[in-house]
Amino acid sequence: MCCAQQDMLRRFLVVRICENLDSKNVFILKKRCFSSFSNIKHLKRIHAKYIRNGSIEEDILAIGKLVADISISSPSNLNYARSIVAHLPYRPNVFMWNSLIRGYAQSAMPEEAIPLYCEMIKQGLLPNNYTFPFVLKACAQLSPTYVGLVFHGTIIKRGFEDCDPFIQTSLVYFYASCGFIDSARQLFDRCSVRDTTSWNALIKGYVKVGRYIDAIRVFRIMQDRRDVEVDEITLLGVVLACSQLGALDMGRWVHTYIDKNHVNLNRNLGTALIDMYARCGCIDIALDLFRRQSEKDVRTWSVMIGGLAAHGLAKEALNLFFEMQQFRLSPDSVILTHVLSACSHAGMVTVGLKILNEMSEVHNVEPKIEHYGCIVDLLGRAGHLEEALDIIRRTPLKPDVVLWGALLVACRAYKNVEMGETVAREMLKLDPHHCGAHVFLSNVYASTGRWDAVDQVRHSMKEQGIKKAPGSSLIELDGDVYEFIAGDERHPQSTQINLMLDEIARLMKLEGHVSATREVALDIDDEEKERALYRHSEKLAVAFGLINTRQGSPIRIVKNLRVCEDCHSVMKLISKAFNRLIVIRDRSRFHHFKDGLCSCRDYW
DNA sequence: ATAGGGTTAG
């Protein structure tokens, strides 16, 4: 039995223990576990029979079916299928080529599909309408986009573009996969027939390129139409968009829709829903769903452990991590990142180091750069800067900007200027355009009065056109998502928001709040710095939330960067002064502000 | 005989 089958068998046993299944279900599961094992054996037996009784010479249809079955049975059998095709006493037909291309398109080596297509053409065969969906599926995964573009040309030339809905959908998804979502949209609009799959391809395309609001917009249009049915894959795309946007109301709506319409809550959709609730800050609902979800796989555990980690619930994350191992499920690389980041958010230095050291032996996962990143972050946050530096120096992997960046953040927090300077220089060696490193250096020089050095850094930043990525915050209101960019004046209700910000500032002054201007890196005086902080995107969003939501209802915000020190303390004060729960998901974790306190206990 | 859409962190 190979590793994959052993793994399946193990999972089967786990499922049996967990679910307490009756004998009929056990039988079905058993069959599923062993199907690929017996399948290829069975197929090989058929092949042997064909060789013995001479069918290979005569029955081209039967051989075709055999090639097809072997090709899709498992990617590991593709070489076998190829060798059958290569040793035929006659030229293989289009069906056989299609089957091989299909097999590679769904394997880890989609690039192999292209030479097969070329070989088929060389042998004087013509591709048919079945060929292109397979080929495009392979192209959607390839990095040189032009391969797929060439095939689009071929499709037009051979007259398939306007008449085959399967090819049209494949094209839509191919363009979206390459990031050309607007071309995908144009193709979609031109389609003669649009069924559920075409709509799903477009929605998933928008999700893929990060245009989540558009994905939801398309879903709404789809839903208004009478001629097309929404299915679980449509909903999966929408839930993914909601997770990214933190659009809880929309996500809840989908959940209700699933329940009301008896949509099959399969493993993928269930996992996506758990992830959505966790990413919208509702960790309790996520946990409840997780416990009730009967079909779980490694990804289900992964999103749950990741959700707990992001909420700073390290103990719970670790418990789940151990629990899954009791079920004999092996944690993968992503789960270990989650666990290490949980340790980091909770300052659990010893536990984190132990897990890192045991990774390769106990879990059979070689530590990657992101795992070291978590450890550097863990040590750095806890103030062990030297040890963090030591980890970077001793890493068997080549340190990247992100790894150094984790240490730079710690140097800033603990005001270690010397080490910070070294780290920033290392970062600029790797990425001369890194904004954070430039800003850090400039601040270091400014704090020690080395104004000529400050000028030099500023000048080179300007010359290279380096700008800080603008902060952006999302907030959902009545099912619509609003985006606020730092300093932006062109938002809805600009006047009211400014008035609210003034009101907040007045309350903050009363509470004795002093703006944390040291984080502002601009070459301006303190008053201007205060104004810049004043217009941080999360403050704009929270003001918008305060104006437009019922008193006492929670305000949820998703931010693209980490929340700054000033915003953090202002949010605490707002939660008290306005008696609101404020939930902010930032780049690295959740902050639940309530009664003047934050769930991160100011350790983030 | 064969087809298009399907989850995981930063």
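In what follows, chains carry the letters A, B, and so on, assigned in the order in which the sequence lines appear, proteins first and then strands, with residues in each chain numbered from 1.
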#### Entry: Phosphate OP1/OP2 of B:dG6: any A:Tyr173 side-chain N/O under 4.0 Å
yes

### Message
In this structure, how many angstroms lie between the C1' atom of B:dT7 and the NE2 atom of A:His338, rounded?
### Response
12 Å

## Note on the structure
Picking from B:dT7, B:dG4, B:dT2, the nucleotide nearest the side-chain atoms of A:Arg299 would be B:dT7

### Task
Answer yes or no as to whether B:dA3 has its base stacked against A:Phe166, where stacking requires a ring-centre separation under 5.5 angstrom and planes under 30 degrees apart.
yes

## Note on the structure
Checking B:dA3, B:dG10, B:dG6 against the side chain of A:Tyr130 (C-beta onward), the nearest is B:dA3

### Query
Picking from B:dT8, B:dG6, B:dG4, which would you name as closest to the side chain of A:Asn268?
B:dG6

### Task
Select base, sugar-phosphate, or nothing to describe what A:Gly64 touches, counting heavy atoms under 4.0 Å on all strands.
base

### Query
What nucleic acid atoms does A:Asn560 come within less than 4.0 Å of, heavy atoms only: base, sugar-phosphate, or nothing?
nothing

#### Entry: Rounded distance (Å) that lies between atom P of B:dA1 and atom CD1 of A:Ile46
17 Å

### Query
Do the charged groups of A:Asp189 and A:Arg185 touch, with an N to O distance under 4.0 Å?
yes

### Summary
Sorted by chain and residue number, the salt bridge (Lys or Arg N to Asp or Glu O under 4.0 Å) partners of A:Arg225 (sequence neighbours excluded) come out as A:Asp227

### Message
In whole Å, I'd like the distance from the NZ atom of A:Lys208 to the C1' atom of B:dG6.
### Response
11 Å

### Summary
Sorted by chain and number, sequence neighbours left out, salt bridge (Lys or Arg N to Asp or Glu O under 4.0 Å) with A:Asp231 holds for none

### Task
Would you indicate what A:Ser99 reaches in the nucleic acid, counting non-hydrogen atoms under 4.0 angstrom: base, sugar-phosphate, or nothing?
nothing

### Query
What is the nucleic acid contact for A:Ile335, judged by heavy atoms within less than 4.0 Å: base, sugar-phosphate only, or nothing?
nothing

#### Entry: Nearest to side-chain heavy atoms of A:Asp275, which nucleotide of B:dA1, B:dT8, B:dA3
B:dT8

### Query
Phosphate oxygens OP1/OP2 of B:dG4: is one of them under 4.0 Å from a side-chain N or O of A:Lys204?
no

### Task
Report the residues that fulfil side-chain contact (heavy atoms from CB on, under 4.5 Å) with A:Ile60, sequence neighbours left out, ordered by chain and then residue number.
A:Tyr90, A:Asn93, A:Met96

#### Entry: Spacing of A:Trp404 atom CH2 relative to B:dG10 atom P, expressed in whole Å
24 Å

### Message
From C-beta outward on A:Pro165, which listed nucleotide comes closest to its side chain: B:dG4, B:dG10, B:dG6?
### Response
B:dG4

### Message
Nearest whole Å is fine: how far is B:dA3 P from A:Ile167 CD1?
### Response
14 Å

#### Entry: side chain to side chain donor-acceptor pair (under 3.5 Å) against A:Arg211, all qualifying residues, sequence neighbours excluded
A:Asp182, A:Asp214

### Task
Not counting sequence neighbours, which residues clear salt bridge (Lys or Arg N to Asp or Glu O under 4.0 Å) with A:Glu358? List them please.
A:Lys354

### Message
How many whole angstroms separate atom CZ of A:Phe134 from atom C1' of B:dA3?
### Response
5 Å

### Query
Does atom CD of A:Glu323 have more than 12 heavy-atom neighbours, drawn from other residues, nucleotides or ligands, at distances under 6.0 Å?
yes

### Query
Given atom CD1 of A:Ile70 and atom C1' of B:dT2, what is their separation to the nearest angstrom?
16 Å

### Query
Of all the nucleotides listed (B:dG4, B:dT8, B:dT7), which has the minimum atom distance to the side chain of A:Pro133?
B:dG4

### Message
With hydrogens left out and only the distance checked, is there a donor-acceptor pair under 3.5 Å joining A:Asp195's side chain and the base of B:dG4?
### Response
yes

### Task
Name the nucleic acid region contacted by A:Ser341, choosing base, sugar-phosphate or nothing; use a 4.0 angstrom heavy-atom cut-off, strictly under.
nothing

### Task
Go through the N and O atoms of the side chain of A:Thr169 and the base of B:dG4, and report whether any donor-acceptor pair is under 3.5 Å.
yes

### Query
A:Leu269 has an atom CG; how far is it from atom P of B:dT8, in whole Å?
12 Å

### Task
Choose from B:dT2, B:dA1, B:dA3 the nucleotide whose nearest atom is closest to any side-chain atom of A:Asn98.
B:dT2

#### Entry: Selected nucleotide, minimal atom distance to A:Val303 side chain, candidates B:dG6, B:dG4, B:dT8
B:dT8

### Task
Respond yes when some side-chain nitrogen or oxygen of A:Arg102 is under 4.0 Å from OP1 or OP2 of B:dA3, and no when none is.
yes

### Query
Which part of the nucleic acid, if any, lies within contact of A:Ser198, taking any heavy atom under 4.0 Å across all strands shown: a base, the sugar-phosphate backbone alone, or nothing?
base

### Query
Would a 4.5 Å heavy-atom cut-off, applied to side chains only, mark A:Phe95 and A:Leu61 as touching?
no

#### Entry: Nucleic acid contacts of residues 185-192 of chain A, taken as heavy-atom distances under 4.0 Å to DNA chain B
none

### Query
Taking 4.0 angstrom as the limit, do A:Arg82 and A:Glu119 come out as a salt bridge?
no

